[in-house]
Amino acid sequence: MLQGAATQGGMRGIIISVSKVRVTADLTDAKVYLSIFPNNKAKELLEGIRANKPMIRHELAQRTKNQLRRMPVLEFYVDDSLEHIDKIEKSLKGEDNPIQNPDLLDKRSKG
């Protein structure tokens, strides 16, 4: 659904995938983690998706009306785990040595 909306909006060459969804036990809230490629478009796309949360929630409710009694409130986040894994692989291969360059060790916050 998100991929189709981006394509219809004129954004070509972008891949949006839902990598993880965390839903509360009472189904009131859902944290949706998106993997967006290329990464340089992630912030712009995330702002657009957040601006259209009510429309996205309504569309999902229509698609799942026979399966779900209640549609959770959606919060969208960028999943940067693939980027983090790539940094680790480069460090292990010796391309980027975090011991010689401590600036490579940026702090990550868990969401």
Side-chain angles (χ1 to χ4, degrees):
M1 188 173 92
L2 296 173
Q3 183 71 45
T7 303
Q8 288 176 356
M11 300 190 102
R12 305 268 185 232
I14 293 180
I15 299 172
I16 303 172
S17 61
V18 177
S19 59
K20 181 177 17 178
V21 178
R22 294 186 183 230
V23 183
T24 58
D26 60 355
L27 294 177
T28 56
D29 298 309
K31 290 183 178 182
V32 182
Y33 294 88
L34 304 174
S35 180
I36 300 173
F37 180 81
N39 281 343
N40 59 354
K41 303 274 186 179
K43 187 175 182 179
E44 176 186 347
L45 277 171
L46 187 62
E47 289 174 6
I49 290 170
R50 285 180 175 165
N52 291 306
K53 278 194 302 190
M55 182 191 70
I56 295 168
R57 184 175 184 223
H58 177 73
E59 178 68 26
L60 279 175
Q62 293 299 314
R63 291 183 183 203
T64 61
K65 63 184 173 186
N66 295 326
Q67 289 87 21
L68 294 176
R69 178 181 284 180
R70 178 186 318 190
M71 177 54 61
V73 175
L74 304 172
E75 290 297 327
F76 294 95
Y77 302 93
V78 173
D79 181 11
D80 62 348
S81 60
L82 292 177
E83 187 177 318
H84 186 67
I85 290 169
D86 188 43
K87 287 181 183 177
I88 291 172
E89 285 180 357
K90 284 182 180 178
S91 295
L92 291 174
K93 290 179 183 176
E95 296 172 18
D96 295 328
N97 189 341
I99 295 172
Q100 294 175 352
N101 186 359
D103 295 335
L104 295 173
L105 296 173
D106 58 5
K107 295 190 177 27
R108 283 180 35 112
S109 63
K110 293 198 173 197

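None of these values were measured; they are calculated from a predicted model.
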**Prompt:** Taking only residues at least two apart or on different chains, which pairs with a member in residues 65-78 satisfy side chain to side chain donor-acceptor pair (under 3.5 Å)?
**Reply:** Lys53-Glu75

**Asked** Going hydrophobic residue to hydrophobic residue with side-chain gaps under 4.5 angstrom, can you get from Met71 over to Val73?
**Response** no

**Asked** side-chain contact (heavy atoms from CB on, under 4.5 Å) with Asn39: which residues, sequence neighbours excluded?
**Response** Glu83

**Prompt:** side-chain hydrogen bond (donor to acceptor under 3.5 Å, both in side chains) with Ser19: which residues, sequence neighbours excluded?
**Reply:** Asp79

**Prompt:** Are Ile15 and Leu2 connected in a single hydrophobic cluster, I mean Ile/Leu/Val/Met/Phe/Trp/Tyr linked by side-chain heavy atoms less than 4.5 Å apart?
**Reply:** no

**Message:** Which residues pass the ring pair (Phe, Tyr, Trp, His ring centres under 6.0 Å) test with Phe37, not counting sequence neighbours?
**Reply:** none

**Request:** Give a yes or no answer on whether the side chain of Thr64 reaches the backbone of Leu68 with a donor-acceptor pair at less than 3.5 Å.
**Result:** no

**Request:** Output all residues satisfying salt bridge (charged side-chain N to carboxylate O under 4.0 Å, His left out) with Arg63, sequence neighbours left out; order by chain, then residue number.
**Result:** Glu59

**Request:** Identify, with sequence neighbours excluded, every residue that meets side-chain contact (heavy atoms from CB on, under 4.5 Å) alongside Lys43.
**Result:** Glu47

**Message:** Do Leu60 and Leu27 sit in one hydrophobic cluster, given that two such residues count as connected whenever their side-chain heavy atoms are within less than 4.5 Å of each other, even indirectly?
**Reply:** yes

**Prompt:** Hey, what do you get for CG (Leu45) to CG (Asn40), rounding to the nearest 0.5 Å?
**Reply:** 10.0 Å

**Item:** Point-to-point distance, once rounded to the nearest 0.5 Å, from CZ of Arg22 to CG of Asp29
**Value:** 14.0 Å

**Request:** Apply side-chain contact (heavy atoms from CB on, under 4.5 Å) to Ala30 and list each qualifying residue two or more places apart in sequence or on a separate chain.
**Result:** Val21, Val23, Pro72, Leu74

**Request:** Mind checking side-chain contact (heavy atoms from CB on, under 4.5 Å) for Ser17 and listing every partner two or more places apart, or none if nothing turns up?
**Result:** Ser35

**Message:** How long is the straight-line distance from OG1 of Thr24 back to CG of Asp26, given to the nearest 0.5 Å?
**Reply:** 4.0 Å

**Closest contact, heavy atoms only, Ile56 versus Met1** = CG2-CE, 3.4 Å

